[in-house]
2 protein chains.
Amino acid sequence: MPMQDMHLVHHECGDCPIRHRAVCARCEADELQRLEQIKYYRTYQAGQTLIWSGDRMDFVASVVSGIATLTQTMEDGRRQMVGLLLPSDFVGRPGRSTAAYDVTATTDLVMCCFRKKPFEELMVSTPHIGQRLLEMTLDELDAAREWMLLLGRKTAREKIASLLAIIARRDASLRVKAAKGALVFDLPLTREEMADYLGLTLETVSRQMSALKRDGVILLDGKRHVTIPDLDRLLEEAGDDSDGGVLD
Amino acid sequence: MPMQDMHLVHHECGDCPIRHRAVCARCEADELQRLEQIKYYRTYQAGQTLIWSGDRMDFVASVVSGIATLTQTMEDGRRQMVGLLLPSDFVGRPGRSTAAYDVTATTDLVMCCFRKKPFEELMVSTPHIGQRLLEMTLDELDAAREWMLLLGRKTAREKIASLLAIIARRDASLRVKAAKGALVFDLPLTREEMADYLGLTLETVSRQMSALKRDGVILLDGKRHVTIPDLDRLLEEAGDDSDGGVLD
DNA sequence: CGTCAGGTTGAGTTATATCAAATTAAGTGG
DNA sequence: CCACTTAATTTGATATAACTCAACCTGACG
């Protein structure tokens, strides 16, 4: 029975799992206190669309836990994912009143929301928020440009390998301790969502997943549980520059 | 004889053609004065690559006049354009020491450069710069996401029509007075550059240009001079939502 | 055990890429 | 001003990666 769950969790910001990565990362104690006053939590169920493109948006938010997607849809139904939101990622645009994309929860999701008006006022009075938001936006822009290379120039196999590498890398960065050896994770996306991410059809995604499995690049246990025996091999298949793309 | 031209133009910021759109747009007189002290102009010739991916970057800059591109290249030579920089657009990333993309002048180009270190210091002391940069970066992110839809889901014909619409729109916005009726402009890109923008081959670009011409969607005078007799028709061909995509 | 969403696999089609040749445009130096 | 060169572009013929349509699995859940 999917319906909007308004369950009001309430953390102290000090204990917050995304305290040091989210838009509030640079805030001092007093700044955090002001943010506390305008924040509230919302939870959504997997599959739920929280925001439709064109909707009025009266809040901005950080993903606390779970995964959400940004997608664009053409009139005839063609869909392209344009953002994959993980814990600590920011949703919404200060200074804009309507949503530009559909936002959908792909897993159960907890968001830390800020009423937009007061948030915008805080941005003026609290430079640390704007500074952090700029940094995050620049990171997203870099990610978007990497994604553009993928969409425009990579083969289906390279696209799949790239996506798996992105998820593996991110998954590793969320763990406390970097696991050595084989990487193991659960795909947070269906084949169709992967296709929407990659600009492919779900059939092509399925075929290429099978091919990568057949060739030993990945191991599959069920449809979602993935093991990467050799990350370098995967990165080679992804067509990325051999180095990890380390910047600065 | 293409070589770096260090010709030192020197404008007053007050007269600058991009004064009200660039990263300095929100600056007050005193803030502008501090910017003046760390700025210098550089000019480049059409075709010249100003920055190679991985290069050390000791400055950031605004495009004053001309057009530049950001591109990514894979080891085997596949190229994808990931940014098209017009007058007032910003180049470089505060807080990062090396360039992430190749930057190439597609026309003769004038840049207003700021030494990076002092610019970063100014960003801390002068919130108006950071605020404006955030706004510009959010705009670029939106443009990148629109571009992702194009790369992932549009047909070759739609891609070409979309690019022509983008250039036409932008060209119109740079003119003082909006021309009614037919839009006319010169393509600032070669067929190959268009292909790199759109994730196509140059042959496909050429064929689709011919097709749009044959179908009366565009008129061509020479290879570069384009007339759009009916913008709505072009937008229809581009597969975009009928409304102009007006956001806030 | 039946149902249903998610996923896989197969056969045939098609849009775009690739390879190749011809055409146009813009110099450039005699 | 005229050959000659060269880069950009167009056009043609063919190949192929990915799409489409369709059937068939698989596993979770009532």
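The analysis underlying the following values was restricted to heavy atoms, covering all of them including side chains, and did not include hydrogens, waters or symmetry mates. First the proteins, then the strands, lettered A, B, ... as listed; each starts at 1.
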Check: Rounded to the nearest 0.5 Å, how far does CH2 of B/Trp147 lie from CE of A/Met148?
Finding: 4.0 Å

Next item on the list: For B/Gly199, report the nucleic acid contact type (base, sugar-phosphate, nothing); a contact means any heavy atom under 4.0 Å.
Entry: sugar-phosphate

Next item on the list: Provide, to the nearest angstrom, the distance between the CD atom belonging to B/Glu193 and the P atom belonging to D/dA7.
Entry: 15 Å

Checklist line | Distance in angstrom units between B/Lys213 NZ and D/dT10 P, rounded | finding: 8 Å

Checklist line | Polar side-chain atom of A/Gln80 near backbone of B/Leu150 as donor-acceptor pair, under 3.5 Å | finding: no

Note to self: Within the 4.0 Å limit for protein heavy atoms, which parts of nucleotides 7-14 of chain C are touched? Write it as a string from 5' to 3', B for base, S for sugar-phosphate only, - for none.
What the structure shows: SBBBB---

Check: In whole angstrom, what separates B/Ile160's CD1 from D/dT9's P?
Finding: 12 Å

Notebook entry, point to check: Does CD belonging to B/Glu192 count more than 12 external heavy atoms closer than 6.0 Å?
Noted result: no

Notebook entry, point to check: What is the distance, rounded to the nearest whole Å, between atom CG of A/Asp221 and atom P of D/dG27?
Noted result: 11 Å

Next item on the list: Return yes if some donor-acceptor pair links the side-chain N/O of B/Arg224 with the main-chain N/O of B/Asp186 below 3.5 Å, else return no.
Entry: no

Check: Just how far, in rounded Å, is P of C/dA17 from CG of B/Asp196?
Finding: 12 Å

Check: Sub-3.5 Å donor-acceptor pair from the side chain of A/Asp55 to the main-chain atoms of A/Trp52, do we have one?
Finding: yes

Notebook entry, point to check: Quick one: B/Gln208 CD to D/dT11 P, roughly how many Å, whole number?
Noted result: 12 Å

Check: Please give, in whole Å, the distance from C/dT16 P to B/Met194 CE?
Finding: 15 Å

Next item on the list: Rounded to the nearest angstrom, tell me the gap between atom CG in B/Leu198 and atom P in C/dT16.
Entry: 12 Å

Check: So, the side chain of B/Thr107 versus the backbone of B/Ile67: is there a donor-acceptor pair under 3.5 Å, distance only?
Finding: yes

